[in-house]
Amino acid sequence: MLKKQKLRFRRHFHIRKRVQGTVERPRMAVFRSNRHLYVQLIDDDAGNTLVSASTLDLRSGGTHTPTNLSAAAKVGTLIAERAGKKKIKSVVFDRGGFKFHGRVKALAEAARSGGLKF
């Protein structure tokens with residue numbers, strides 16, 4: 001396993017020891033691959049995903065999805081909009097071991113500006 005990947009897993013498990021999502025305040029889990037960005041609102045008590053969004057949702061007509069900061073911001077506003085429909089106002093942010101920088105930061109800031117509190 002690559003050293004970077006090992007360090008990310010280590011950070012991820014360290015974060016997950018403390019972060020727990022409930023129905024009132026679900027866990028906002030972020031996964032970032034080289035191509036896409038995925039985010040879910042998860043109720044850990046029941047083990048259910050309440051809301052999800054990704055850059056795959058931004059595709060229109062099978063065109064290529066951008067993987068830049070603007071796409072991450074669009075995913076952030078999309079998750080905030082979908083959470084608002086389910087009457088979810090506040091979440092616990094789980095960055096999945098990724099550094100709070102770049103696409104992860106853009107997603108978080110867009111979700112905050114969209115109305116989510118964390």
Side-chain angles (χ1 to χ4, degrees):
M1 191 181 300
L2 299 174
K3 185 176 180 182
K4 273 186 165 183
Q5 195 175 24
K6 275 186 178 178
L7 291 173
R8 186 187 82 78
F9 283 142
R10 193 170 171 194
R11 282 191 306 266
H12 180 63
F13 290 125
H14 185 75
I15 292 167
R16 284 290 290 128
K17 281 193 294 188
R18 293 180 180 84
V19 176
Q20 181 77 16
T22 61
V23 175
E24 299 85 28
R25 196 163 182 220
R27 177 170 55 97
M28 183 175 172
V30 176
F31 179 74
R32 177 182 61 88
S33 71
N34 287 337
R35 274 198 181 177
H36 296 288
L37 189 66
Y38 307 90
V39 61
Q40 298 177 341
L41 299 184
I42 302 169
D43 171 17
D44 287 319
D45 293 337
N48 292 334
T49 299
L50 305 173
V51 181
S52 69
S54 70
T55 52
L56 294 172
D57 296 338
L58 302 178
R59 286 195 289 192
S60 59
T63 59
H64 175 68
T65 307
T67 59
N68 53 11
L69 293 176
S70 65
K74 287 178 186 176
V75 172
T77 55
L78 184 63
I79 194 74
E81 176 185 312
R82 289 180 181 176
K85 288 180 184 175
K86 294 262 186 163
K87 305 214 183 329
I88 298 171
K89 301 287 183 206
S90 67
V91 296
V92 179
F93 190 69
D94 175 13
R95 58 189 171 91
F98 299 103
K99 295 180 182 176
F100 191 77
H101 183 271
R103 290 185 285 162
V104 176
K105 184 177 179 181
L107 177 128
E109 289 174 350
R112 277 190 190 123
S113 66
L116 285 178
K117 294 182 182 178
F118 49 95

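Note that the numbering runs from 1 along the sequence shown for the chain.
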message: Does Arg112, at its CZ atom, have more than 12 non-hydrogen atoms belonging to other residues, nucleotides or ligands within less than 6.0 Å?
response: yes

- Take the angle between the ring planes of Phe118 and Phe93 and call it parallel below 30°, perpendicular above 60°, tilted in between. parallel

Report whether [X] and [Y] are members of the same hydrophobic cluster (ILVMFWY, side-chain heavy atoms less than 4.5 Å apart, transitive linking).
| X | Y | answer |
| --- | --- | --- |
| Met28 | Leu56 | yes |
| Ile42 | Val30 | no |
| Leu58 | Val51 | yes |

Heavy atoms, side chains only, cut-off 4.5 Å: are [X] and [Y] in contact?
| X | Y | value |
| --- | --- | --- |
| Pro26 | Val91 | yes |
| Lys86 | Leu50 | no |
| Arg103 | Thr55 | no |
| Asp94 | Arg16 | yes |
| Val104 | Lys99 | no |

What are the two closest heavy atoms between [X] and [Y], and how far apart are they?
| X | Y | result |
| --- | --- | --- |
| Ala72 | Leu37 | CB-CD2, 3.5 Å |
| Lys105 | Phe100 | CG-CE2, 3.7 Å |
| Gly97 | Arg11 | O-NE, 2.7 Å |
| Phe31 | Arg8 | CE1-NH2, 4.1 Å |

Report the distance from atom [atom1] of [X] to atom [atom2] of [Y], rounding to the nearest 0.5 Å.
| X | Y | atom1 | atom2 | answer |
| --- | --- | --- | --- | --- |
| Asp45 | Glu24 | CG | CD | 8.0 Å |
| Ile79 | Leu107 | CD1 | CG | 8.0 Å |
| Leu116 | Glu81 | CG | CD | 11.5 Å |
| Thr22 | Asp43 | OG1 | CG | 6.5 Å |
| Arg25 | Lys89 | CZ | NZ | 15.0 Å |
| Arg82 | Thr77 | CZ | OG1 | 10.0 Å |

Hey, mind stepping through Val92 and Gln20 against side chain to side chain contact (heavy atoms under 4.5 Å, CB included) and telling me if it holds?
-> CA-CA 8 Å; Val92 179; Gln20 181 77 16; over 6 Å; no

